[in-house]
Chemist: 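Supplied in structure tokens, the structure appears directly below.
In what follows, every chain begins at residue 1, and chains take the letters A, B, ... in the order their sequences are listed. These numbers come from the heavy atoms of this one structure, side chains and all, not from hydrogens, waters or symmetry mates.
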Amino acid sequence: MAIGQAEAKKGFLATSLSFSNCRSSTRILGRKRVAVSPARGSRSPHSPVRTLRKQRSTRLHIDDTISLLESLPQDVLIKVLCKVSHSDLRQLLVVSKPVSEATIVARELHFAFATPSAKAVFRDHGCGEEEDSPGAPKQHRVAESRLRGKNLASIAVNLSAAFESLLSEV
Amino acid sequence: MAAEKGEKGAAAKEVAGERMVTLESSDGEEFHMSEAAAQLSTLLRHVIEGGGIDNGIPLPKVAARTLEKVIMYCEKHAKAAAKSDSDPSAAAGSSSDNTAAASEDLEKWDRKLVNGLSQDALFDLIVAADYLVIDGLLDATCRKVADMMKGKTPDEIRKIFNILNDFTKEEEEEMRREYAWAFDD
């Protein structure tokens with residue numbers, strides 16, 4: 001029983017347990033949860049309905065459809081979010097966990113933090129940066145002036161610690 | 001001239017005085033594009049410089065439909081760059097109006113390209129532009145997605161992109177509390 005549950009946790013659908021937006025019912029078939037939904041009405045021609053393709057991510061949920069946005073490699077998703085305005089980033093923060101993670105990183109890059117070399121997502125460049133320099137991306141906004149003169153390399157990777165140090169300077 | 005061609009490899013053939021490269025999409029379809037246009041892709045540029053691509057460049061990660069759009073973009077931008085390079089008045093610096101209008105036209109063209117895509121095709125193009133390292137195209141496509149998110153609530157965003165909310169109510173509250181202030185400016 002315990003093994004079955006543990007395996008179910010690793011399964012595609014078992015990760016998404018809160019179906020607050022889901023109008024369909026779920027059923028447990030064997031170890032996996034399978035969503036059974038009523039036949040959908042007409043979708044707009046631009047809706048992202050697509051059956052699962054093996055080369056994309058395993059983020060499966062209702063109707064076996066995937067979110068193309070969430071299927072993007074994380075570094076590409078971050079690049080997309082770098083183009084999003086700050087007020088829109090706030091909304092993205094609570095859309096879903098994967099999007100939230102990418103949003104936080106995109107915001108971090110906006111603030112020109114030093115990027116830790118260990119992370120794969122920072123392999124090429126951050127928001128708005130073109131050169132190969134390992135340093136922080138260019139700062140475009142006057143509001144970031146509080147960071148000037150600060151040793152960017154010393155800012156911790158730990159997000160809340162980093163933001164807290166910002167707060168204490170206000 | 002023959003020696004020069006030999007150095008670059010047989011895939012860079014000349015057609016009507018313009019050097020062409022052959023690309024093969026993931027589904028085995030062959031495409032031709034001018035070498036000038038291929039230069040817009042950092043990846044292709046390196047492959048061409050490396051030489052040894054006698055039978056064309058295979059792109060197993062790029063489907064035909066997407067590759068078509070990539071080539072359209074690159075040819076358009078390569079032509080525009082060539083035009084502004086060869087424009088004598090641009091060199092003299094006296095036609096800033098012309099160059100501004102030309103770049104505005106190019107932007108309009110880019111927007112038209114991305115606006116005409118289904119969400120499916122748009123994301124395929126983003127991935128291709130990222131893989132081929134075509135900055136301008138990645139820029140234009142990502143901006144389109146950002147536009148689609150503009151002014152939308154989380155729920156609207158989920159609907160548009162078919163995203164499942166995997167936050168519990170409590171987790172969502174915590175996220176808002178912990179990070180919302182960091183986004184104030």
Side-chain angles (χ1 to χ4, degrees), chain A residues 15-22 45-50 55-56 59-63 65-73 75-77 79-100 103-104 107-108 111 124 130 141 143-144 159-160 163 166-167, chain B residues 26 42 60-61 63 115-124 126-131 133 135 138-176 178-185:
Chain A
T15 50
S16 321
L17 293 180
S18 76
F19 285 87
S20 50
N21 288 332
C22 176
H46 294 288
S47 89
V49 174
R50 205 215 292 206
Q55 68 265 33
R56 288 283 163 84
R59 195 160 168 78
L60 244 193
H61 33 88
I62 48 177
D63 287 342
T65 56
I66 55 174
S67 164
L68 299 173
L69 184 72
E70 289 184 325
S71 303
L72 289 176
D75 62 320
V76 181
L77 177 56
K79 285 177 194 174
V80 171
L81 298 183
C82 281
K83 303 274 185 292
V84 174
S85 74
H86 292 278
S87 53
D88 292 327
L89 281 180
R90 284 181 81 160
Q91 310 308 317
L92 287 165
L93 199 59
V94 294
V95 162
S96 74
K97 287 177 183 173
V99 173
S100 187
T103 302
I104 291 167
R107 177 63 178 185
E108 208 175 338
F111 267 128
D124 31 79
E130 306 273 89
R141 298 158 57 89
E144 262 77 273
L159 190 62
S160 44
F163 282 129
L166 257 186
L167 244 195
Chain B
S26 60
T42 306
K61 290 188 179 181
N115 284 340
L117 301 175
S118 66
Q119 205 180 109
D120 224 64
L122 178 62
F123 281 111
D124 280 346
I126 288 179
V127 173
D130 179 65
Y131 167 65
V133 195
D135 284 342
L138 186 62
D139 204 64
T141 47
C142 287
R143 253 191 278 125
K144 170 65 183 170
V145 176
D147 278 348
M148 290 162 74
M149 295 170 166
K150 205 167 187 62
K152 300 280 191 300
T153 65
D155 210 36
E156 287 169 333
I157 291 173
R158 287 187 204 112
K159 282 200 177 63
I160 293 170
F161 296 103
N162 202 37
I163 296 171
L164 187 71
N165 183 7
D166 56 354
F167 282 116
T168 62
K169 227 19 190 149
E170 296 77 34
E171 285 170 335
E172 189 175 321
E173 284 306 308
E174 197 190 322
M175 190 60 68
R176 286 189 196 275
E178 203 172 328
Y179 291 111
W181 62 263
F183 287 67
D184 280 333
D185 41 25

Chemist: Report yes if some heavy atom in the side chain of B:Phe167 is under 4.5 Å from a heavy atom in the side chain of A:Ser100; otherwise report no.
Modeler: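 Answer yes - side chains close enough.
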Chemist: In the structure I gave you, are the side-chain heavy atoms of A:Leu81 and B:Met149 within less than 4.5 Å of one another anywhere?
Modeler: yes
Chemist: For the OG atom of A:Ser71 and the CZ atom of B:Phe161, what is their distance to the nearest 0.5 Å?
Modeler: 12.5 Å
Chemist: Highest number of heavy-atom pairs under 4.5 Å with chain A: which of B:Lys61, B:Lys169, B:Arg143?
Modeler: B:Arg143
Chemist: Check whether any side-chain N or O of B:Asn165 sits under 3.5 Å from a backbone N or O of A:Ser96 as a donor-acceptor pair, and report yes or no.
Modeler: no
Chemist: Which region of B:Glu156, side chain (C-beta onward) or backbone (N, CA, C, O), has a non-hydrogen atom less than 4.5 Å from a non-hydrogen atom of chain A, or is it both or neither?
Modeler: neither
Chemist: Rounded at 0.5 Å granularity, tell me how far NZ in B:Lys152 sits from CG in A:Leu92.
Modeler: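 Taking NZ in B:Lys152 and CG in A:Leu92, the distance rounds to 11.5 Å.
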Chemist: I need the B:Met175 CE to A:Ile104 CD1 distance, nearest 0.5 Å.
Modeler: 5.0 Å
Chemist: So which heavy atom on B:Gly151 is nearest to which on A:Asp88, and how close?
Modeler: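 Nearest heavy atoms, B:Gly151 then A:Asp88: N-OD1, 2.8 Å.
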Chemist: For A:Gln91, what residues pass the side-chain hydrogen bond (donor to acceptor under 3.5 Å, both in side chains) criterion, not counting sequence neighbours?
Modeler: none
Chemist: Do B:Asp139 and A:Lys83 sit within salt-bridge range, that is, some charged N less than 4.0 Å from a carboxylate O?
Modeler: yes
Chemist: Drop me the distance from A:Leu69's CG to B:Ile126's CD1, to the nearest 0.5 angstrom.
Modeler: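 If I round to the nearest 0.5 Å, the distance is 8.0 Å.
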Chemist: Report the distance from atom OG of A:Ser85 to atom CG of B:Asp147, rounding to the nearest 0.5 Å.
Modeler: 10.0 Å
Chemist: Any side-chain heavy atom of B:Ile163 sitting closer than 4.5 Å to one from A:Pro98?
Modeler: no
Chemist: Do A:Leu68 and B:Asn162 come close enough that some side-chain heavy atom pair is under 4.5 Å?
Modeler: no
